[in-house]
K.L.:
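First the structure, then my questions, so here it is.
Residue numbers run from 1 in the order of the sequence given.
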Amino acid sequence: MGFLADALSRVKPSATIVMTQKARDLKAQGRDVISLSVGEPDFDTPPHIKQAAIEAIARGETKYPPVSGIVPLREAIAKKFKRENGLDYKPSQTIVGTGGKQVIYNALLATLNPGDEVVIPRPYWVSYPEMVGLCGGTPVFADTTMATNFKLQPEELERAITSKTKWVILNSPSNPSGAAYSHAEMKALTDVLVRHPHVWVLTDDMYEHLVYGDFTFVTPAQVEPALYDRTLTMNGVSKSYAMTGWRIGYAAGPEHLIKAMDFVQGQQTSGAATISQWAAVAALDGPQDHLAEFRAAFQTRRDLVVSMLNQTNGLRCPTPEGAFYVYPSCAELIGKRTESGKVIETDEDFVTELLMAEGVAAVHGSAFGLGPNLRISYATSNQLLEEACHRIQRFCGSLR
């Protein structure tokens with residue numbers, strides 16, 4: 001009998017974390033490394049949010065919080081969903097977790113039994129299938145293509161659903177592709193889901209405010225009210241408010257599901273950090289002026305990166321609608337040789353050789369379930385992005 005749980009054999013380490021650590025290790029050795037592997041805004045948390053945390057400390061708001069979140073934050077979450085998404089939730093239908101990842105994990109842990117299936121479009125955020133596996137479920141993948149900008153098509157969703165399907169996970173805008181669904185595109189998917197009343201919808205809206213041009217964000221229960229009673233709408237303050245380290249995610253859904261998630265969290269971590277929760281109240285209830293600044297900066301960066309990558313030998317890069325990632329194909333470079341004689345056999349080979357040769361860290365697309373691609377985060381300065389893209393161009397141009 002082994003000491004470690006068998007479940008660990010079904011789980012892979014996070015490729016994004018692995019690549020980010022490789023970049024850190026090389027930097028520690030004195031290498032000049034530009035990391036485009038981490039999904040974290042380079043902006044600082046807005047001042048009014050930091051001030052709210054300071055004031056909470058001064059008031060002595062430093063005790064254990066309720067498991068599901070402090071009342072002012074749950075009220076702010078309910079107001080946010082009504083104000084921005086047209087969704088009516090009572091505070092008792094909301095829950096706060098230590099980041100969006102915990103919220104998703106708790107929902108899966110509270111609902112999955114062995115044999116239950118969870119439909120996940122690919123490319124996917126690296127943690128979705130691993131969390132499903134840890135919770136005893138079976139991930140079922142629904143494929144997308146570059147031809148549809150990596151957006152799930154209704155016929156693919158229909159094909160993936162079986163009598164064992166319990167959840168469908170939707171992520172718009174997407175990590176890793178940046179793809180986001182218009183109202184019409186989302187309605188095509190919700191029409192499928194309406195026909196399958198046993199299937200629940202877990203929507204990850206973490207990048208909601210990071211959409212560009214005239215694109216309008218929508219979420220499934222907003223597009224199709226018939227799904228309201230079987231949808232968990234997850235969001236958080238990490239990306240839109242540059243609060244990744246504050247570790248606050250939240251969700252709203254049917255009260256019986258929220259109570260089950262509260263039960264799980266009560267025996268796991270209890271409530272999220274009190275000071276962070278008060279900061280999140282200020283984020284949701286306070287001024288939103290920084291969002292326009294964030295969007296403008298990210299759109300400029302997106303356009304820079306897409307343009308330079310599409311001028312790169314062997315890369316093809318679609319223009320995403322949101323988030324801060326691009327997902328170019330490196331298919332034309334598979335089989336090429338580096339100057340040192342290494343054959344690029346996979347997209348993982350590509351990003352590994354790119355890091356070693358040019359000091360640019362990206363994440364291979366196969367880690368997100370679909371390759372040969374790579375995920376590049378443009379959540380860094382224009383200057384660094386331009387330099388990184390020049391290095392990528394030089395590397396790709398050197399392959400023979």
Side-chain angles (χ1 to χ4, degrees), residues 85-87 104 107-108 111-112 116-126 128-129 131-132 137-208 210-235 251 253-254 318-323 325-327 329 365 368-371 373:
N85 310 111
L87 294 172
I104 297 170
L108 297 174
T111 57
L112 290 181
D116 287 344
E117 295 176 351
V118 178
V119 174
I120 303 171
R122 58 182 171 190
Y124 46 71
W125 180 41
V126 292
Y128 294 147
M131 288 192 285
V132 169
T138 301
V140 173
F141 302 110
D143 286 330
T144 69
T145 67
M146 185 178 282
T148 60
N149 278 347
F150 303 112
K151 296 179 190 181
L152 179 63
Q153 300 302 294
E155 57 271 20
E156 289 297 326
L157 175 58
E158 185 79 60
R159 191 175 296 117
I161 293 173
T162 72
S163 61
K164 297 179 180 179
T165 305
K166 182 159 281 185
W167 289 98
V168 170
I169 297 179
L170 296 175
N171 176 210
S172 173
S174 160
N175 177 2
S177 71
Y181 294 87
S182 68
H183 190 284
E185 290 165 338
M186 186 66 78
K187 184 65 166 64
L189 297 180
T190 59
D191 284 349
V192 173
L193 293 165
V194 165
R195 296 197 293 270
H196 297 277
H198 68 291
V199 178
W200 282 62
V201 185
L202 201 167
T203 177
D204 179 349
D205 297 349
M206 190 63 75
Y207 297 89
E208 170 185 3
L210 301 180
V211 294
Y212 310 118
D214 58 359
F215 188 89
T216 300
F217 171 84
V218 292
T219 194
Q222 172 189 18
V223 170
E224 179 48 78
L227 295 176
Y228 175 88
D229 288 330
R230 50 189 172 102
T231 297
L232 182 71
T233 304
M234 191 282 288
N235 210 314
T319 302
E321 292 88 351
Y325 310 105
V326 291
Y327 201 66
S329 168
F368 303 95
L370 185 67
N373 292 74

K.L.:
Where do Leu170 and Val201 come nearest, in terms of heavy atoms and distance?
P.N.:
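Heavy-atom minimum between the residues: CD1-CG1, 4.2 Å.
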K.L.:
Is the shortest side-chain heavy-atom distance between Phe150 and Leu152 below 4.5 Å?
P.N.:
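Of all side-chain heavy-atom pairs linking Leu152 with Phe150, none is under 4.5 Å.
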K.L.:
Which side-chain N or O atoms in residues 216-227 pair as donor and acceptor under 3.5 Å with protein atoms at least two apart or in another chain?
P.N.:
{"unit_1": "Thr219", "atom_1": "OG1", "unit_2": "Asp205", "atom_2": "OD2", "d": "2.6"}
{"unit_1": "Gln222", "atom_1": "OE1", "unit_2": "Thr219", "atom_2": "N", "d": "3.1"}
{"unit_1": "Glu224", "atom_1": "OE2", "unit_2": "Ala226", "atom_2": "N", "d": "3.0"}

K.L.:
Relative to the ring of Phe141, is the ring of Tyr124 parallel (under 30°), tilted (30 to 60°) or perpendicular (over 60°)?
P.N.:
parallel
K.L.:
Is the backbone of Leu87 close enough, under 3.5 Å, to the side chain of Asn85 for a donor and an acceptor to pair up by distance?
P.N.:
no
K.L.:
If you round to the nearest 0.5 Å, how far is CD of Gln153 from OG1 of Thr145?
P.N.:
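Reported value, rounded in 0.5 Å steps: 7.0 Å.
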K.L.:
So which atom in Ser174 and which in Ala323 form the shortest heavy-atom distance, rounded to 0.1 Å?
P.N.:
O-CB, 3.8 Å
K.L.:
Give the C-alpha distance, both sets of side-chain angles, the deciding distance and a yes or no for side chain to side chain contact (heavy atoms under 4.5 Å, CB included) between His198 and Ile161.
P.N.:
CA-CA 10 Å; His198 68 291; Ile161 293 173; 4.3 Å; yes
K.L.:
Considering residues at least two apart in sequence or located in another chain, which fulfil the side chain to side chain contact (heavy atoms under 4.5 Å, CB included) criterion with Thr111?
P.N.:
Lys166, Trp167, Leu257
K.L.:
Are the side chains of Pro176 and Trp125 in contact, using a 4.5 Å heavy-atom criterion?
P.N.:
no
K.L.:
What's the separation between atom OG in Ser172 and atom CD in Glu185, rounded to the nearest 0.5 Å?
P.N.:
8.5 Å
K.L.:
Could you tell me whether Glu321 and Lys151 have a side-chain N and a carboxylate O separated by less than 4.0 Å?
P.N.:
yes
K.L.:
Indicate yes or no: at least one non-hydrogen side-chain atom of Thr231 is less than 4.5 angstrom from one of Thr203.
P.N.:
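Counting from C-beta outward, Thr231 and Thr203 do come under 4.5 Å.
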K.L.:
Could Asp191 and Arg195 be called an ion pair, given the rule that one side-chain N must be under 4.0 Å from one carboxylate O?
P.N.:
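No, no charged N to carboxylate O under 4.0 Å.
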K.L.:
Passes side chain to side chain contact (heavy atoms under 4.5 Å, CB included), Tyr128 versus Asp204? Steps please.
P.N.:
CA-CA 10 Å; Tyr128 294 147; Asp204 179 349; 2.6 Å; yes
K.L.:
State, yes or no, whether a side-chain contact exists between Val192 and Glu155 at a heavy-atom distance under 4.5 Å.
P.N.:
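A side-chain contact under 4.5 Å is absent here.
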K.L.:
Quick one: side chain to side chain contact (heavy atoms under 4.5 Å, CB included) partners of Glu117, sequence neighbours excluded?
P.N.:
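With sequence neighbours excluded, Glu117 shows a side chain to side chain contact (heavy atoms under 4.5 Å, CB included) to Thr138, Val140, Thr162, Lys164, Thr165, given in chain and number order.
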K.L.:
For Met131, run the side chain to side chain contact (heavy atoms under 4.5 Å, CB included) check against Ile169, Leu108, Val118 and tell me which one passes.
P.N.:
Leu108
K.L.:
Apply side chain to side chain contact (heavy atoms under 4.5 Å, CB included) to residues Val168 and Leu157 and explain how you reach the verdict.
P.N.:
CA-CA 9 Å; Val168 170; Leu157 175 58; 4.0 Å; yes
K.L.:
Are Tyr325 and Tyr207 an aromatic pair by the rule of ring centers under 6.0 Å?
P.N.:
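Ring centroids of Tyr325 and Tyr207 are less than 6.0 Å from each other.
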K.L.:
Judged by atom type as modelled, is there a donor-acceptor pair below 3.5 Å linking the side chain of Arg122 to the main-chain atoms of Phe368?
P.N.:
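Not a single qualifying donor-acceptor pair exists.
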K.L.:
Specify the closest pair of heavy atoms between Tyr327 and Asn373, including all atoms of both residues, with the distance to one decimal.
P.N.:
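Shortest heavy-atom contact: O-ND2, 3.2 Å.
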K.L.:
Using side-chain heavy atoms (C-beta onward) and a distance below 4.5 Å, is Pro320 in contact with Asn149?
P.N.:
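The answer is no; the side chains never approach within 4.5 Å.
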K.L.:
What closest approach, in Å, do Leu232 and Ala251 show between heavy atoms, and which atom pair accounts for it?
P.N.:
CD1-CB, 3.8 Å
K.L.:
Where is the tightest heavy-atom contact between Leu193 and Arg230, given as atom of each residue plus distance?
P.N.:
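So the two residues come closest at O-NH2, 2.9 Å.
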K.L.:
In the structure I gave you, are the side-chain heavy atoms of Thr144 and Glu156 within less than 4.5 Å of one another anywhere?
P.N.:
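Result no, sub-4.5 Å side-chain heavy-atom pair not found.
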